[in-house]
There are 2 protein chains.
Amino acid sequence: MPNQFDYQKEEPIARCECNVVHKDIVDQVSNQMPDDEILYDVADLFKVFGDCTRIKILYALFESEMCVCDIADLLGMSQSAISHQLRVLKQSRLVKYRRDGKTVFYSLNDDHIKTIFNQGLEHVLE
Amino acid sequence: MPNQFDYQKEEPIARCECNVVHKDIVDQVSNQMPDDEILYDVADLFKVFGDCTRIKILYALFESEMCVCDIADLLGMSQSAISHQLRVLKQSRLVKYRRDGKTVFYSLNDDHIKTIFNQGLEHVLE
DNA sequence: TCTATATATGAATAATTGTTCATGTGATTT
DNA sequence: AAATCACATGAACAATTATTCATATATAGA
């Protein structure tokens, strides 16, 4: 008959040296937790928002579609740096682009982004 | 009388080697941009969300208040690692805590956090 | 007061990441 | 075709950061 301490006997927790104080809660939360993979993707998404240059780029694109060179000038940074960051934003599907001759115009991919940003801003301004 | 090109004469833009294609847009967006300090804080906030361990901790606290040891067990990580991350979450005012004897219970600080997480989740699941 | 337990924290290390530099690619113009 | 412009990208370097290990602090109980 398994009880709340059985798992400690069978497989000692190497990583947490203290006792589980509330096994019922841990189990309940454990069942509710989304898959690791999903949580990993969520963290990865927020990691993209977690850089000042990228936040500025996103904010800029709230206002208007812009080309790489415009953004570089706006932020006072090299074209290369901006291009690298746009790549990251592209990979996370936060921005999309269209080519017009030699110029590439970037814009926001959808409106979640604005919502996420605004919630973050609200928290910071509180 | 300053004009739109003056700053280029006085202090050449070392960082962006290409021409500004759309000065009107750059100026307009530049005026709308919040202070650097605010955007820096917003990025810093999202940086906190941008780690898998912290995202899991936050998600766990959506479900229930938990003590450090419970969280460590839930995530299969060391107490020390969790404690360090809780410190980060505390500093960003994302979690609060109450002490009950030897145990410290952590919980979410406000509801922005859930909203931010859910928006991120929606984006990822699309 | 002494011991045990839950948590916090400083230092060290390994891994990740943002920018620069140099160069490559695709489109336009002459 | 050659030159030029806008942008992309690989490699390298510096800075940041997550975890571990060792140890410190705070509370409870004997």
Side-chain angles (χ1 to χ4, degrees), chain A residues 8 13-23 26 40 43-57 65-92 95-107, chain B residues 13-22 25-26 39-40 43-57 65-92 95-107:
Chain A
Q8 293 196 348
I13 303 175
R15 305 234 185 100
C16 180
E17 61 275 19
C18 49
N19 300 317
V20 179
V21 182
H22 309 91
K23 178 131 181 63
V26 172
Y40 192 87
D44 260 9
L45 174 65
F46 286 121
K47 206 171 287 179
V48 176
F49 282 86
D51 175 80
C52 203
T53 301
R54 289 191 295 260
I55 278 286
K56 285 178 183 175
I57 293 175
E65 141 183 290
M66 292 181 87
C67 70
V68 180
C69 194
D70 286 349
I71 299 173
D73 182 69
L74 173 69
L75 304 189
M77 293 177 66
S78 73
Q79 174 269 316
S80 178
I82 299 300
S83 206
H84 276 293
Q85 296 296 10
L86 284 169
R87 190 165 183 253
V88 175
L89 292 167
K90 238 188 304 182
Q91 283 170 340
S92 306
V95 302
K96 57 181 191 282
Y97 62 96
R98 67 182 178 86
R99 186 176 261 283
D100 180 16
K102 282 178 288 187
T103 309
V104 177
F105 290 96
Y106 282 84
S107 57
Chain B
I13 303 177
R15 305 233 184 101
C16 180
E17 61 277 20
C18 50
N19 300 317
V20 179
V21 182
H22 309 93
I25 291 178
V26 172
L39 292 174
Y40 192 87
D44 260 9
L45 174 66
F46 286 121
K47 205 172 288 179
V48 176
F49 282 85
D51 175 80
C52 204
T53 300
R54 287 191 296 260
I55 278 286
K56 285 178 183 173
I57 294 175
E65 139 183 292
M66 292 180 89
C67 71
V68 179
C69 194
D70 286 351
I71 300 172
D73 183 69
L74 173 70
L75 303 189
M77 292 179 65
S78 74
Q79 174 269 318
S80 178
I82 299 300
S83 206
H84 276 295
Q85 296 297 8
L86 284 169
R87 188 165 184 255
V88 175
L89 292 168
K90 238 186 306 182
Q91 283 171 340
S92 306
V95 303
K96 57 180 190 283
Y97 64 95
R98 67 179 179 88
R99 185 177 263 282
D100 180 16
K102 282 179 290 188
T103 310
V104 177
F105 290 97
Y106 282 85
S107 59

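For clarity, every value in this text was computed on a predicted model and none was experimentally measured. By convention in this document, chain letters (A, B, ...) are assigned in the order of the sequence lines, proteins followed by strands, and residues within each chain are numbered from 1.
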(request) Would you kindly give the CG-to-P distance between A:D100 and C:dG26, to the nearest whole Å? (result) 18 Å
(request) Among A:D73, A:L74, A:L75, A:D70, find the residue that satisfies the side-chain contact (heavy atoms from CB on, under 4.5 Å) test when tested with A:I82. (result) A:L75
(message) Whole angstroms only, please: what is the CD1-C1' distance between A:I82 and D:dA8?
(response) 13 Å
(request) Look at the side chain of B:M77 and decide which nucleotide, out of D:dT17, D:dT19, C:dA8, has an atom nearest to it. (result) D:dT19
(request) Just compare C:dT5, C:dG10, C:dT19 and give me whichever is closest to any side-chain atom of A:H84. (result) C:dT19
(message) Rounded to whole Å, please give me the gap between CG in B:D44 and C1' in D:dA15.
(response) 14 Å
(message) From the set C:dG18, C:dT7, D:dC7, return the single nucleotide nearest to any side-chain atom of B:C69.
(response) C:dT7
(request) Just compare C:dT20, D:dA8, C:dG10 and give me whichever is closest to any side-chain atom of A:S78. (result) C:dT20
(request) State which of C:dT7, C:dG18, C:dT17 makes the closest approach to the side chain of A:K47. (result) C:dT17
(request) Let me know, please, whether A:D51 or B:R87 comes out on the 5' side of the other along DNA chain C by nearest nucleotide. (result) B:R87
(message) Rounded to whole Å, how long is the line connecting atom CD of B:Q91 with atom P of D:dA18?
(response) 12 Å
(message) The criterion is side chain to side chain contact (heavy atoms under 4.5 Å, CB included); which residues satisfy it with B:S83, sequence neighbours excluded?
(response) B:Q79
(request) Please report, rounded to the nearest Å, how far the P atom of C:dT5 is from the CZ atom of B:R99. (result) 16 Å
(request) Look at the side chain of A:T53 and decide which nucleotide, out of C:dT7, D:dA18, C:dT19, has an atom nearest to it. (result) C:dT19
(message) I'd like to know if the side chain of B:R98 reaches the main chain of B:S107, judged simply by a donor and an acceptor atom lying under 3.5 Å from each other, with no hydrogens or angles considered.
(response) no
(request) With sequence neighbours excluded, tell me which residues meet salt bridge (Lys or Arg N to Asp or Glu O under 4.0 Å) with B:D51. (result) none
(request) Whole angstrom is fine here: how far is it from CD in B:Q85 over to P in D:dT16? (result) 17 Å
(request) Send over the distance from B:I57 CD1 to C:dT7 C1', rounded to a whole Å. (result) 14 Å
(request) Using a heavy-atom cut-off of under 4.0 Å over every strand shown, decide if A:Y106 touches base, sugar-phosphate, or nothing. (result) sugar-phosphate
(request) Mind calculating the distance between CG (A:D73) and C1' (D:dC7) to the nearest angstrom? (result) 16 Å
(request) Taking only the side-chain heavy atoms of A:K102 (C-beta and beyond), determine which of D:dT27, C:dA27, D:dA18 contains the nearest atom. (result) C:dA27
(request) Mark yes or no for a side-chain to base donor-acceptor pair under 3.5 Å between A:S80 and C:dT19, with no hydrogen or angle criteria applied. (result) no
(message) So for B:Q79 and C:dA6, does any side-chain atom that can act as donor or acceptor lie under 3.5 Å from a complementary atom in the base?
(response) no
(message) With a 3.5 Å distance limit and no angle check, can you tell me whether B:S92 reaches the backbone of B:V88 through a side-chain donor-acceptor pair?
(response) yes
(message) If you only use heavy atoms from C-beta on, which nucleotide in D:dA6, D:dA8, C:dT19 is closest to the side chain of A:T103?
(response) D:dA6
